Amino acid sequence: MTKRALRGPPRAVLWRGGVRGRLSLLEQTLLPEKCLRVEIEDVETLWGAIRRLVVRGAPAIGVAAAYGAVLGAREALVRGGDVGAREVAASVLRAIERLATSRPTAVNLFWALDRMRRRLECLLAGPRLPSGEALARGLLAEAKAIHREDAELCRSIGTHGAGLLRDGWTILTHCNAGALATGGSGTALSPVYEACRAGKRICVIADETRPLLQGARLTAWELHRAGVPVTLICDGMAASVFASGRSDCVIVGADRIARNGDVANKIGTYGVAVLARAHGVPFYVAAPSTTFDAGLSNGAGIPIEMRSPLEVTEGFGRPTAPRGIEVYNPAFDVTPARLVTGIITERGVIRATMAAVGGLLRSLAT
Ligand code: MRU
C-alpha cells in the first residue's frame, strides 16, 4: 500500500501571543461559504461563541474553555494598575463559573474548567504568592498543555481506529467529529485520516445532520479539503444506504459517555445505531478519556441541551415551517451501550461495558 500525504487539519482553536494575547477561533457557523477567524479577548464573547457554535464539538469546546480561563486572567491584567494574584484569581474563577453555563452536554467543557481551577489552586498554594502576571502565565501554560494533549489523544485514537478499517471500506459518520471539533485531527475522523495516510482506500458517507448541518457544512468540508472521498446524504437516507450495503462501518464521536458505555452524541446518532444494528454493520464511537463521565452510572443522567425552535423552523435565514408551530429540538440523544460495537479511545478499542469503561478510567488514574 502506498502511503499518502493529506493536507494538514484546519485549526479550530488557536491562542495568539502571551497572557495579554487573544483566542482565535475558526468561525464554524460561516463554513463552508466563508473560512474566517474571530479573535476573542473577553470571557463574555467566548461564552456567546460557544453557545452560538462558533466553536463546537466536545474536545474543541474544552480547549476553548481552558483558554477562556486565561481570558479571565487577561481581563484583570488589562484593567491596569498593580494587579495582584488575588484579583487575577477572582477574575479567573468568575470566568470558569460563567463558561460552565455555556452548554450542558459535552463533559469536556467541565473537565477542562475543573483542570484549570485545580491548576489555579496549585499556583496559589506555593510558599510565595506569585505576581498576577506570573499566575496568568501559569494558567496559559496549562491551557496550552490541555490543547497539546488533546491533539495527542486524537493521534492515538487515529492509530487505534485505523487498525479496524479495511482497504476499500466506506465509513458512515454523523455530525462532525473531525479536526473542526477538536484541538487536533478529530476523534471519529482521525482513524479515517490515519488509514488514508497509510494508503488504504477509504470513503466516507456524511449524514447532513439536521438541523444545523454539521455533517454537510463541516464534515464534508474538512474531508473534501483534505482530499478524502466523501459523499453527502440527507439524514433520512441512512437506512437505504445500509440496506443497499453501501456502508461497511459507522464511526461517530461523543459528547459524554457514562460508566456503562451509554453514549450522548449529536441528535440522530441513536437512530443511526439502531439502523446499523438492524443491518449487521459495526457501530463504533471514537472518544478520548476526557469525554468519559466517571460520575454517571448510565446515560439517563446525561443533561441534554435543548436549543431554539428557530434552528428547526428557519435555521438558515428562510422559514421552512409555519410560523408559531410547536417544535421539539434536543441537540443530543443517548445511544444505549448495547448498540455500540466498541469505543475507540487513546488507550485502544474497548467494549461499551461497565467493566471495560471502569478499567479504562482506573488505568488512567494510576
Ligand atoms: O452541537 P455540536 O456541533 O457541538 O455537537 C458536536 C457533536 O455532537 C460531536 O459529534 C461530538 O461533540 C464529538 S466531537 C469530537
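Source: prediction; values computed, not measured. As the structure lists them, so they are numbered: ligands from 1, and atoms in each ligand from 1.
At a heavy-atom distance under 4.0 Å, only side-chain atoms of P59, from C-beta outward, approach ligand 1. The backbone and the side chain of A58 each have at least one atom closer than 4.0 Å to an atom of ligand 1 (non-hydrogen atoms only). Counting heavy atoms closer than 4.0 Å to ligand 1, residue V252 contributes nothing at all.
Nearest non-hydrogen protein atom to atom 7 (C) of ligand 1 is D255 OD1, 3.3 Å. Here the protein heavy atom with the shortest distance to atom 14 (S) of ligand 1 is A181 CB, 3.5 Å. Among protein heavy atoms, the minimum distance from atom 15 (C) of ligand 1 is reached at T187 OG1, 3.0 Å. Protein heavy atom nearest atom 9 (C) of ligand 1, with residue, atom name and distance: N265 OD1, 3.4 Å. What sits closest to atom 13 (C) of ligand 1 on the protein, heavy atoms only, is A254 O, 3.3 Å.
Electrostatic pairing of E27 and R52 counts as a salt bridge here, judged by a charged N lying under 4.0 Å from a carboxylate O. Salt bridge present: R115 and E149 bring a charged side-chain N and a carboxylate O closer than 4.0 Å. A salt bridge does not link R16 to E41: none of the charged nitrogens lies less than 4.0 Å from a carboxylate oxygen.
With R56, R103, Q28 as candidates, the residue nearest to atom 6 (C) of ligand 1 on a non-hydrogen basis is R56.
If you run side-chain contact (heavy atoms from CB on, under 4.5 Å) between L180 and each of L26, V13, T219, V55, only L26 comes through.
For OH of Y328, the number of neighbouring non-hydrogen atoms (other residues, nucleotides, ligands) closer than 6.0 Å is 12 at most. For R201, the CZ atom sits in a loose shell: 12 or fewer heavy atoms of surrounding residues, nucleotides or ligands are nearer than 6.0 Å. Surrounding CZ of R246 are at most 12 heavy atoms belonging to other residues, nucleotides or ligands under 6.0 Å away.
In the vicinity of A177, heavy-atom distances shorter than 4.0 Å reach the ligand 1 atoms 14 (S), 15 (C). The distance from ligand 1 to the heavy atoms of Q214 drops below 4.0 Å at these ligand atoms: 1 (O), 2 (P), 3 (O). Atoms of ligand 1 found under 4.0 Å from any heavy atom of K266 (numbered from 1 in listed order, with element): 1 (O), 2 (P), 5 (O), 8 (O).
In terms of heavy atoms, A195 sits closest to A162 at N-CB, 3.8 Å.
Residue contacts with ligand 1 include N176, since one or more of its heavy atoms lies under 4.0 Å from the ligand. Not a single heavy atom of A106 sits closer than 4.0 Å to an atom of ligand 1.
Distance alone, capped at 3.5 Å, places no donor-acceptor pair between the H224 side chain and the A220 backbone.
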